[in-house]
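Note sheet for the following structure.
Fair warning: this is a prediction, and the values are worked out from it, not measured in the lab. Below, chains carry the letters A, B, ... as their sequence lines are ordered, and counting in each starts from 1.
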Amino acid sequence: MSQRTHNIFFHLHTVSGISITVGLFIIFFAGAFTLFEKPIAQWEHGQYSQSQSLVNSNSNIDYNRVVDSLETRGIALYGRDLNIRFNEYHQAQINLSGTADTTASKETQKERLRFSLNTQDYSLTQEPVEGRRGGTFSLGRLLYLLHFYYQLDLPGYYLAGLVSLFFFLALVTGIIVHWKKISMNFFVFRPKQKLKTVWTDAHTALGTIGIPFQFLYALSGCMFGLGVLVYTSSSVMYNGEVDEVYKIMFPRDGKENLGTKTNIATYDFNAFYEKAHNHWENFEPTNISILHLGSTTQKFKAYGYGDIRKKFINQGEIVLSTQTNQVLKEISPYDKAYSEHVRGVLFRLHYADFGGLGNFGNNLLKIIYFIMAIITCFVIITGVLIWLEARNKKNIPEKKKRYNQRVGYLYLAICLSMLPITAASFVFARLLPSSMNNHRELALNCFFFIGWLVLTIFFTLKKNNFFTNKYTLLTAGVIGICIPVVNGVVSGNWLWLTIANNYPVFIIDALWICISLACLFAVSKLKVKSKPI
Amino acid sequence: MPANTKYLTQSKHQRFAKVSAAILGAFLVSSTLHLAIAAWVTNVKPVLATYSFSLFIVWCTLMLLTFLFKNGWKCWLLYLAITAVFIALYTCGIAHNSIPA
């Protein structure tokens, strides 16, 4: 590679990297915790009970009793669509759509209802329908939204896509620039040398180890955040109708006119469930719908998964007619076209949701992803430090130097203070009583974002990167150790109890103990080696 | 260690030409390439599925190549020429095969 090419790519690497530093750090840091979004929600709301292995599979639900319970509640079911699935708290959740009966009143046509189902006695508790997923807000949800800046709504989502695009650019130029040094310097780690070589070695070595992981996230991040470009540009073929493209890529069932009323009590929905369940080998329905309830066009729909060990993309769907007991539509979990795989693989890899390794194995997989994400955060931070150090030279004008330093203070303050504020938010979320659930979103957002802002301002004004580094790690370590204790005191979910029967809660506590120990260990090793910058 | 500035673009309008060509020009080439292919196949779905990720791979590769040009405007010219060819191929394809479904 010529000198010119090398320098051009090197400059591209620097510019694209520096410009997205903070954005990318937030994405990876929040994303690392988002891997455990559901466990965090369970951890945050959990109360200790002896029998936490409740009925949490669709197979154990008596669908006839569900319909019975809804009828005895006095809800007019005719023409509505019923959906039953388990949410992240392992509660069976029932959604009812408005009726398709056009002769009914406008209200019943629009009225959506949501209930949580007690799987012991089939009693129903009505819940608010707002929100895509329902359920109460949690810190996991906050971090999930922060992962693509969704606090800013759609512009935030597109911004995250743009950050991914520049990350892609930084990644590829990084590989090109460091390619020759990879084999030579891979085992070179010179911690006793001056600071810049330490960071350069760490940046290159860890960056190289992370390439496959980071490439996956750069590309899938673009696919998510900038996917809109694909659909809008291909709509050219359909005279600019984006909906046409969506129809081809994600075909939906057409709407059918509602049939006449029938007696809903005459159907045995459990038999339909059994039929759907046994349609393919090892098919586990996770989402059951009964469409057009109590009519001649009533259909039983089961969406679920086949054996993931047999097929990586294993979603399946079957629709049965309850009148004729015939299969109206089926998507086999074991046989799919190439185009179905593309999106499937995207989700599987991005969410670290594959392998079918069982409870322990799949959590271990997520922990590996978590560690890789934190390593990426580290590569981002070392990148900034190298950038700073390389510009801390005599030939750089004093004014420029001071500007660079101030940028460095700000970047590091924003990025590193995320760690203690996240730890503190876990404590805050656990202490927030459930009586405040209606204001939970506001309370968590205020605590997290205002706290983050205050810390950022404090560390920026302190103008000492060594100080920022040491005290963010120290406070995160100390607060992190308190997290399992607070959880134990508040809910009785002590580590030694949850390890036996409540894995998700255990994972969060254990994760924080490990993070804290790592932070405190790092603090104990921190020494001012050279003049802190 | 910062990149040696003697190899980097100094003039402002050249820099503008290169950055705009890298972002907009490269995108045009990448998207019209895929659309031209989509116009000539009978089953458009796999092409669009591939497009959903290869758009970014081709886009990024071209972005890098853009900065190797000495003259950013020439690069723009080249990208526009390639885009024109793909648009022509696309138009012929649509006319020849009728709109794919």
Part of A:V342 within contact of chain B (heavy atom distance under 4.5 Å):
side chain
Could you tell me whether the side chain of B:K18 and the main chain of B:F69 form a donor-acceptor pair under 3.5 Å?
yes
Taking side chain as everything from C-beta outward and backbone as N, CA, C, O, which of these in A:V245 sits under 4.5 Å from a heavy atom of chain B? Side chain, backbone, both or neither.
side chain
Can a donor-acceptor pair be found, under 3.5 Å and without considering hydrogens, that links the side chain of B:S30 to the backbone of B:F27?
no
With only heavy atoms counted, which part of A:E340 is less than 4.5 Å from chain B, the side chain, the backbone, both or neither?
side chain
Chain B contact via A:T5 - side chain, backbone, both or neither, heavy atoms under 4.5 Å:
both
If I measure from the heavy atoms of chain B, does A:L226 come under 4.5 Å with its side chain, its backbone, both, or neither?
both
Assert top hit (heavy-atom pairs under 4.5 Å, partner chain A, pool B:L68, B:I57, B:T50) equals B:L68
Let me know if B:L8 has heavy atoms under 4.5 Å from chain A in its side chain, its backbone, both or neither.
side chain
Taking every non-hydrogen pair under 4.5 Å, which of B:V47, B:L35, B:L55, B:T32 racks up the most with chain A?
B:L35
Can you check whether A:F224 and A:F347 have ring centres sitting under 6.0 Å from each other?
yes
In terms of heavy-atom proximity below 4.5 Å to chain A, should B:T61 be classed as side chain, backbone, both, or neither?
neither
Checking A:L12 against chain B: side chain, backbone, both or neither under 4.5 Å from a heavy atom?
side chain
Is a donor on one side and an acceptor on the other found under 3.5 Å between the side chain of B:W76 and the backbone of B:S20?
no
